[in-house]
Amino acid sequence: MSRSLEIGVVFPQTEIGDDPGIIREYAQEVEALGYRYILAYDHVLGADPSIRPGWSGPYTSESMFHEPLVLFGYLAGITTSIGLATGVIILPQRQTALVAKQAAEVDVLSGGRLRLGIGIGWNEVEYQALGENFHNRGARSEEQIAVLRALWSEKVVTFHGRWHTIEAAGLNPLPPRRSIPIWIGGYAEATLKRVARIGDGWITFRPPDETTRAALERLAGYARDAGRDPATIGIESQLNLRSVAEERWQTYIDAWRALGARYLCLNTMGMGLTRIDQHLAVLQRAAHLR
């Protein structure tokens, strides 16, 4: 079913550098170009592969990552309307109440523009350094989602769970909407079932092929099993501009629209661009895509 699709951009984490002026220029320019949101990845620590034989992770200690929620606090003050989305915060390696506080603050400062994408991650090195259990991260993330929603919606919360205890405490300020959308990223079947039961949307960066169509059909089935209307669960994907020829960009987007995607972000990283004006030039060429 065809539906409206919001086009955003992937914040070029590993290539933008650390100059706040350049970050400001990038954010303001993509907003001026009409893009609907900025999506940022999350990695707290990068591993040194030189002491880890067989390391196969896509990022290392040499890869730059701005912390998304702090970044969004900055972007909230220098933009006016563009949405802010995490894709994804590795939730189980973070303290839940602190994430709730930080996300609520970003939502307050941005006037309700935050969409919180969360996932369970793959990097055990980060979990070790942050003092969290890597092996129960899936189940723990579900309780974390319940805690986040309670803290965002109620002035005072009492919560007794398997991993969380809150005794008559609450956030102040609360997010403007008294909620923040929680989208879940990942590809395991357990993730699809989690999205179907408790997610506001599914983040998948795979292509709009038959494998993805089958996954979406399974997601819809799991949603119906959980007593939910599949149409209420949003879908977000990504167009990696380095991997798809420019003449096929619109076709790729149309294919995702036909699959029911609500959001799609354009990724300019990995294209051999060495300056931020080059990233912006590519996004200017792509700004006509809808």
Side-chain angles (χ1 to χ4, degrees), residues 1-17 19 21-43 58-59 62-66 68 71 75 79 81-88 115 117 119 183 185-187 201-216 234-290:
M1 179 178 65
S2 179
R3 64 179 66 182
S4 61
L5 179 63
E6 296 198 15
I7 307 294
V9 301
V10 176
F11 182 75
Q13 283 271 25
T14 60
E15 299 176 10
I16 197 168
D19 184 333
I22 289 176
I23 293 171
R24 180 178 63 247
E25 176 189 358
Y26 176 86
Q28 291 176 340
E29 182 63 23
V30 296
E31 183 175 55
L33 286 170
Y35 287 102
R36 301 294 295 166
Y37 67 100
I38 296 173
L39 179 140
Y41 300 163
D42 173 38
H43 283 286
Y59 304 111
E62 297 298 314
S63 307
M64 177 175 291
F65 276 88
H66 293 274
L71 171 70
L75 298 188
T79 59
S81 62
I82 196 165
L84 306 170
T86 56
V88 294
R115 179 162 51 92
W183 288 49
Y187 303 103
W202 181 38
I203 302 171
T204 171
F205 291 162
R206 288 180 175 167
D209 55 19
E210 288 307 309
T211 298
T212 298
R213 182 186 296 276
L216 290 168
I235 305 298
E236 175 169 20
S237 190
Q238 180 182 113
L239 168 54
N240 192 325
L241 299 181
R242 73 176 178 183
S243 302
V244 178
E246 186 165 348
E247 61 269 20
R248 292 187 56 243
W249 288 353
Q250 187 64 63
T251 301
Y252 189 99
I253 290 172
D254 290 342
W256 262 113
R257 180 181 289 105
L259 287 176
R262 181 177 171 189
Y263 295 96
L264 184 143
C265 51
L266 307 182
N267 185 3
T268 57
M269 288 186 287
M271 298 181 73
L273 309 176
T274 58
R275 302 188 313 273
I276 206 61
D277 63 302
Q278 295 173 323
H279 286 267
L280 291 170
V282 172
L283 292 173
Q284 187 168 30
R285 291 207 313 270
H288 68 282
L289 299 172
R290 291 293 180 264

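Everything quoted here is computed from the prediction, not taken from an experiment.
Side chains of Gln13 and His66: no donor on one and acceptor on the other come within 3.5 Å. Residues Glu31 and Tyr26 have side chains that never bring a donor and an acceptor to within less than 3.5 angstrom of each other. The closest side-chain donor-acceptor pair between Asp209 and Thr212 falls under 3.5 angstrom.
A 6.0 Å sphere centred on CD of Glu62 holds no more than 12 heavy atoms belonging to other residues, nucleotides or ligands.
Panel note: side chain Ser237, backbone Phe205; no donor-acceptor pair is recorded below 3.5 Å. Judged purely by atom type and a 3.5 angstrom limit, Trp202 has no side-chain atom pairing as donor or acceptor with the backbone of Gly185. Distance alone, capped at 3.5 Å, places no donor-acceptor pair between the Glu25 side chain and the Gly21 backbone.
Closest approach of Ala261 to Leu5, counting heavy atoms only: O-CD1, 3.4 Å. Considering all non-hydrogen atoms of both residues, Gly117 and Ile203 come closest at CA-CD1, 3.8 Å. Heavy-atom minimum distance, Leu75 versus Ala27: CD2-CB, 3.7 Å. Contact between Gln278 and Thr274 at its shortest, heavy atoms only, is OE1-N, 2.6 Å. Between Glu236 and Cys265 the shortest heavy-atom distance is OE2-SG, 4.1 Å.
From Asn240, atom CG reaches atom CE of Met269 across 8.5 Å, with rounding to the nearest 0.5 Å. The line from CD1 of Ile253 to CZ of Arg290 is 9.0 Å long, rounded to the nearest 0.5 Å. Between the CD1 atom in Ile7 and the CG atom in Leu33 there is a gap of 13.5 Å [rounded to 0.5 Å]. Separation of atoms CG (Leu264) and CG (Leu259) is listed at 11.0 Å; rounding is to 0.5 Å. One finds the CD atom of Glu29 at 13.5 Å from the OG1 atom of Thr79 (value rounded to the nearest 0.5 Å). Taking CG from Leu84 and CG from Leu71, the interatomic distance works out to 8.0 Å, rounded to the nearest 0.5 Å.
With sequence neighbours excluded, the residues satisfying ring-ring contact (aromatic ring centres under 6.0 Å, His included) with Tyr59 are His43, Phe65. Legend: residues meeting salt bridge (Lys or Arg N to Asp or Glu O under 4.0 Å) with Glu210, ordered by chain and number and at least two apart, are Arg213. Not a single salt bridge (Lys or Arg N to Asp or Glu O under 4.0 Å) links Arg206 to another residue, sequence neighbours left out.
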Derivation and outcome, side chain to side chain contact (heavy atoms under 4.5 Å, CB included), residues His279 and Glu15: CA-CA 9 Å; His279 286 267; Glu15 299 176 10; 3.0 Å; yes

Can Val30 and Ile38 be said to form a side chain to side chain contact (heavy atoms under 4.5 Å, CB included), step by step? CA-CA 8 Å; Val30 296; Ile38 296 173; 3.9 Å; yes

Pair Ile23, Phe11 - check side chain to side chain contact (heavy atoms under 4.5 Å, CB included), show working. CA-CA 9 Å; Ile23 293 171; Phe11 182 75; 4.1 Å; yes

Side chain to side chain contact (heavy atoms under 4.5 Å, CB included) evaluation trace for Val10 with Leu266: CA-CA 6 Å; Val10 176; Leu266 307 182; over 6 Å; no

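By the 6.0 Å and 45° rule, Arg36 does not stack over the aromatic ring of Tyr263. For the pair Arg257 and Tyr252, the cation-pi criterion (under 6.0 Å, within 45° of the ring axis) is not fulfilled.
Under the 4.5 Å side-chain criterion, counting only non-hydrogen atoms from C-beta, Tyr35 is not in contact with Leu289. Using a 4.5 Å heavy-atom cutoff, the side chains of Trp249 and His288 are not in contact. Looking at Asp42 and Thr86, their side chains never come closer than 4.5 Å, going by heavy atoms from C-beta outward. Residues Ile235 and Leu216 are in side-chain contact: their nearest non-hydrogen atoms beyond the backbone lie under 4.5 Å apart.
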